[in-house]
Asker: 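My questions will all concern the structure given below.
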Amino acid sequence: MNEAWYRLAMLVTLIAGVWEGPMAIIFRVFTDKGPNALVAANYLPAPWCYIVAVAAAAAAFAVIAVLDTRHKRAMSAAG
């Protein structure tokens, strides 16, 4: 995997995980803003929005862990 693509994938995954996870919960609890595309978990009713937000953050961090492992393996094989 090219270094630039790796960094781009990590950045996009991190941003999506943070916005769909903790930021969705923060917008739900502390603001009066309605749901939108950036915090899609807030379209769900009260208990489910928190579960989906935590699951989205966990899935993003799992993807980051897989990307990091594959990147380290590729770097050790190349050098």
Side-chain angles (χ1 to χ4, degrees):
M1 176 181 277
N2 188 359
E3 185 73 22
W5 286 111
Y6 162 73
R7 291 186 185 271
L8 180 65
M10 290 285 282
L11 183 64
V12 168
T13 304
L14 180 66
I15 290 171
V18 168
W19 273 102
E20 287 299 327
M23 291 306 292
I25 293 173
I26 289 170
F27 280 134
R28 178 76 174 230
V29 173
F30 296 114
T31 67
D32 294 339
K33 294 183 179 181
N36 59 32
L38 293 176
V39 286
N42 289 342
Y43 282 109
L44 297 171
W48 293 106
C49 67
Y50 303 116
I51 294 169
V52 169
V54 170
F61 289 122
V63 169
I64 288 173
V66 169
L67 283 171
D68 189 43
T69 303
R70 290 190 62 192
H71 181 255
K72 286 179 183 175
R73 189 178 316 147
M75 288 293 115
S76 67

Asker: Rest of the hydrophobic cluster containing Val66 (Ile/Leu/Val/Met/Phe/Trp/Tyr, side-chain heavy atoms under 4.5 Å)?
Answerer: none
Asker: Quick one: do Leu67 and Ile15 end up in the same hydrophobic cluster if we chain Ile, Leu, Val, Met, Phe, Trp and Tyr together by side-chain heavy atoms under 4.5 Å apart?
Answerer: yes
Asker: Please table the atom pairs, donor to acceptor, closer than 3.5 Å between any side-chain atom in residues 72-79 and protein atoms at least two apart or in another chain.
Answerer:
unit_1, atom_1, unit_2, atom_2, d
Lys72, NZ, Asp68, OD2, 3.3
Ser76, OG, Lys72, O, 3.3
Ser76, OG, Arg73, O, 3.0

Asker: Identify, with sequence neighbours excluded, every residue that meets side chain to side chain contact (heavy atoms under 4.5 Å, CB included) alongside Ile64.
Answerer: Met10, Thr13, Leu14, Phe61
Asker: Could you list all the salt bridge (Lys or Arg N to Asp or Glu O under 4.0 Å) pairs where at least one residue sits in residues 36-60, not counting sequence neighbours?
Answerer: none
Asker: What are the two closest heavy atoms between Pro45 and Arg28, and how far apart are they?
Answerer: C-NH2, 3.7 Å
Asker: So if you build clusters from Ile, Leu, Val, Met, Phe, Trp, Tyr with side-chain heavy-atom gaps below 4.5 Å, do Val29 and Val54 land together?
Answerer: yes
Asker: Is Leu38 reachable from Ile26 through a run of hydrophobic residues whose side-chain heavy atoms are each under 4.5 Å from the next?
Answerer: no
Asker: Closest approach of Ala57 and Pro22, non-hydrogen atoms and distance?
Answerer: CB-CD, 4.2 Å
Asker: Can you name the residues that form a side chain to side chain contact (heavy atoms under 4.5 Å, CB included) with Ala53, not counting sequence neighbours?
Answerer: Ala24, Ile25, Ala41
Asker: Please list all pairs meeting ring-ring contact (aromatic ring centres under 6.0 Å, His included) that have one or both residues in residues 19-57, counting only residues at least two apart or in different chains.
Answerer: Trp19-Phe27
Asker: Give every residue pair that meets the salt bridge (Lys or Arg N to Asp or Glu O under 4.0 Å) criterion with at least one member in residues 32-58, sequence neighbours excluded.
Answerer: none
Asker: Indicate if Val52 and Val63 have the same hydrophobic cluster label, given that clusters are the connected sets of ILVMFWY residues with side-chain heavy-atom separations under 4.5 angstrom.
Answerer: no
